[in-house]
Amino acid sequence: MKYVDEFRDPAAARNLAASIRAEIHPDRDYRFMEFCGGHTHALCRFGLEDLLPGNIRMIHGPGCPVCVLPTGRLDMAISLALSHPDVILCTYGDLMRVPASKGDTLRGAKARGADIRMIYSPAQAVDIAAANPDRQVVFMAIGFETTTPPTAASILAAEAKRLTNFTVLCNHVLTPAAIDAIMTTADGATGAQLDGFIGPGNVSTIIGAEPYEAASETWHKPIVISGFEPNDLLQAILMLVRQVNRGETVVENAFARAVRPGGNTKAQDMCGRVFTIRNSFEWRGLGEIPGSALRLAPAYAAFDAEARFGIDYVSTPDHKACECAAILRGEKAPRECKVFATACTPEHPLGSCMVSPEGACAAHYLYGRFRKAPEPSPAAT
């Protein structure tokens with residue numbers, strides 16, 4: 001298949017791995033964070049870390065939208081669905097099993113009578129609202145910049161259909177702000193010490209390469225945008241190694257077949273019309289980050305579920321035994337969590353990182369990476 005087979009070619013992968021081994025400096029360590037959970041799964045699925053020299057460490061980042069959603073936002077959705085019998089709550093399937101406070105889940109609330117429906121697209125929520133004019137339909141929107149345009153499109157579609165029973169519980173978050181938050185922690189020597197980032201290819205198809213330049217310049221770290229095939233990632237790692245060796249800190253695009261410097265301007269314009277930036281938003285693991293999430297713009301306040309139902313956010317703690325927060329900050333690897341693959345499994349998750357298809361714990365569990373001998377934490381000591 002074009003654009004897939006050539007990026008999974010074993011000979012090319014071996015050549016890239018050989019180039020990485022030839023170009024590293026054996027007297028130093030390289031610590032690179034793959035921001036996106038899709039990259040984490042690709043690293044584990046294809047066994048790419050086994051091809052890398054021992055002095056290159058891949059550190060998993062917070063680029064999993066389900067994982068970084070704080071417990072309090074799930075509590076909001078569950079409370080809304082249970083306390084308003086006229087509400088139909090629509091959401092993506094990977095949110096259904098994420099633990100909220102007291103071990104509750106959206107799936108559990110559904111079993112207790114709440115009308116919670118799994119959908120594949122926000123357009124389905126608009127259709128449900130049109131088919132149920134006597135019910136209030138709330139779409140629980142999550143995701144980084146990749147999934148924001150479909151939410152914006154659904155709001156515009158509801159407006160065009162003059163639907164007054166459709167609202168959005170908005171949890172869309174922003175990648176550049178999260179990179180700044182990671183580096184603020186790392187720069188203070190309390191988190192993962194990083195030499196560079198692999199930028200998320202999916203997000204970058206929307207925002208382009210340019211938004212990363214400020215972070216690269218501020219923190220003096222190279223950022224290489226990558227696709228999701230094994231050879232994409234090996235090429236990105238090689239480009240990071242070369243930048244570190246040369247002392248360069250620039251943004252490079254290794255996913256040019258999909259990412260333009262300026263991104264998708266039509267999607268950006270649509271999102272800019274429908275949304276505005278929140279003053280602050282809480283992330284699981286990263287805490288409150290100023291300017292890191294979106295809410296509906298004043299012109300579309302009628303579609304804001306928080307305003308319509310008078311919902312107030314209350315921060316709630318995660319499970320005491322769960323290390324998702326430290327894993328999302330890059331301070332710990334999944335196997336360093338005491339409950340990983342014991343009390344916490346995909347069938348019985350204690351934290352969001354074990355539930356989501358993009359979660360680091362789920363990736364390590366699914367592809368058996370936890371069976372390797374434990375290694376020292378990539379966090380600073």
State, with a plain yes or no, whether a side-chain heavy atom of [X] is found less than 4.5 Å away from one of [Y].
X    : Y    : answer
Y30  : V244 : yes
S315 : E282 : yes
R308 : V138 : no
T105 : V98  : no
I128 : F166 : no
T147 : P65  : no
M270 : L156 : yes
F7   : P230 : no

I need the minimum non-hydrogen distance between [X] and [Y], along with the two atoms involved.
X    : Y    : value
C361 : F340 : O-CE1, 3.4 Å
L82  : A109 : CD2-O, 3.9 Å
I78  : L106 : CG1-CD2, 3.7 Å
I225 : S204 : CG2-OG, 3.6 Å
P26  : N55  : CA-ND2, 3.9 Å
C353 : C67  : CA-SG, 3.7 Å

Per the side chain to side chain donor-acceptor pair (under 3.5 Å) rule, what does the pair list look like for [range], sequence neighbours excluded?
range            : answer
residues 164-177 : R73-N171, E145-T175, T148-H172, T151-H172
residues 351-360 : R284-S352
residues 18-27   : E23-R242

In chain order, what residues pass the side chain to side chain donor-acceptor pair (under 3.5 Å) check against E217, with sequence neighbours excluded?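 If we apply the side chain to side chain donor-acceptor pair (under 3.5 Å) test to E217, skipping adjacent residues, there are no hits.
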
Would you say the side-chain atoms of N253 and Y212 include a donor-acceptor pair closer than 3.5 Å?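 No, Y212 and N253 have no side-chain donor paired with an acceptor closer than 3.5 Å.
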
How about T316 and D75: does a side-chain donor come under 3.5 Å of a side-chain acceptor?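 The criterion, which ignores hydrogens and geometry beyond distance, is satisfied for D75 and T316.
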
For residues [X] and [Y]: do they belong to one hydrophobic cluster (side chain heavy atoms under 4.5 Å, members Ile, Leu, Val, Met, Phe, Trp, Tyr)?
X    : Y    : value
Y313 : W283 : no
I179 : L294 : no
L286 : L74  : no
L328 : V355 : no
M183 : V68  : yes

Indicate yes or no for a side-chain donor-acceptor contact from [X] to the backbone of [Y] under 3.5 Å, with no hydrogens or angles considered.
X    : Y    : value
T40  : A360 : no
Q235 : A254 : no
H41  : G359 : yes
S216 : K221 : yes
D29  : I56  : no
K332 : A326 : no
D9   : A12  : yes
Q124 : Y120 : yes

Spacing of [atom1] belonging to [X] relative to [atom2] belonging to [Y], to within rounding of 0.5 Å:
X    : Y    : atom1 : atom2 : value
N264 : I206 : CG    : CD1   : 5.0 Å
Y300 : I155 : OH    : CD1   : 8.5 Å
L350 : H319 : CG    : NE2   : 4.5 Å
M354 : L366 : CE    : CG    : 10.5 Å
L52  : L234 : CG    : CG    : 6.5 Å

Is the H39 to H60 ring centre distance short of 6.0 Å?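 No, the ring of H39 stays outside the 6.0 Å limit from the ring of H60, centre to centre.
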
What pairs of residues pass the salt bridge (Lys or Arg N to Asp or Glu O under 4.0 Å) test when at least one of them lies in residues 166-176, not counting sequence neighbours?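 Sorted pair list comes back empty.
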
With sequence neighbours excluded, what pairs up with F255 under the ring-ring contact (aromatic ring centres under 6.0 Å, His included) test?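 In terms of ring-ring contact (aromatic ring centres under 6.0 Å, His included), with neighbours along the sequence ignored, F255 is linked to no residue.
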
Inspect the surroundings of CZ in R260 and state if more than 12 heavy atoms from other residues, nucleotides or ligands are less than 6.0 Å away.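 Result for CZ/R260: open.
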
Mark yes when over 12 heavy atoms from residues, nucleotides or ligands other than R162 sit less than 6.0 Å from its CZ; otherwise mark no.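 Atom CZ in R162 is not crowded, with 12 or fewer foreign heavy atoms closer than 6.0 Å.
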
Which atom pairs, one a donor and one an acceptor, fall under 3.5 Å between side chains of residues 83-92 and the rest of the protein, sequence neighbours left out?
| from | atom 1 | to | atom 2 | distance (Å) |
| --- | --- | --- | --- | --- |
| S83 | OG | S79 | O | 2.6 |
| H84 | ND1 | L80 | O | 3.4 |

Salt bridge or not between [X] and [Y]? Use side-chain N to carboxylate O under 4.0 Å.
X    : Y    : result
D127 : K161 : yes
D232 : R257 : yes
D195 : R57  : no

In chain order, what residues pass the salt bridge (charged side-chain N to carboxylate O under 4.0 Å, His left out) check against [X], with sequence neighbours excluded?
X    : value
E288 : none
R278 : E306
D304 : none
R117 : D115

Hydrophobic clusters join Ile, Leu, Val, Met, Phe, Trp and Tyr when side-chain heavy atoms are under 4.5 Å apart, directly or via other members; which others share one with I327?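 None; I327 is a cluster of one.
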
F228/N202 under side chain to side chain contact (heavy atoms under 4.5 Å, CB included): CA gap, chis, key distance, verdict: CA-CA 9 Å; F228 295 88; N202 47 5; 3.7 Å; yes

Can F197 and E34 be said to form a side chain to side chain contact (heavy atoms under 4.5 Å, CB included), step by step? CA-CA 6 Å; F197 285 89; E34 82 279 1; over 6 Å; no

V224 and I198: side chain to side chain contact (heavy atoms under 4.5 Å, CB included), yes or no, with the steps? CA-CA 5 Å; V224 177; I198 295 180; 5.6 Å; no

Before you tell me yes or no, could you show the steps for F35 and F144 under ring-ring contact (aromatic ring centres under 6.0 Å, His included), namely the whole-Å CA-CA distance, both residues' side-chain angles and the distance that decides it to 0.1 Å? CA-CA 12 Å; F35 183 91; F144 287 86; 5.8 Å; yes

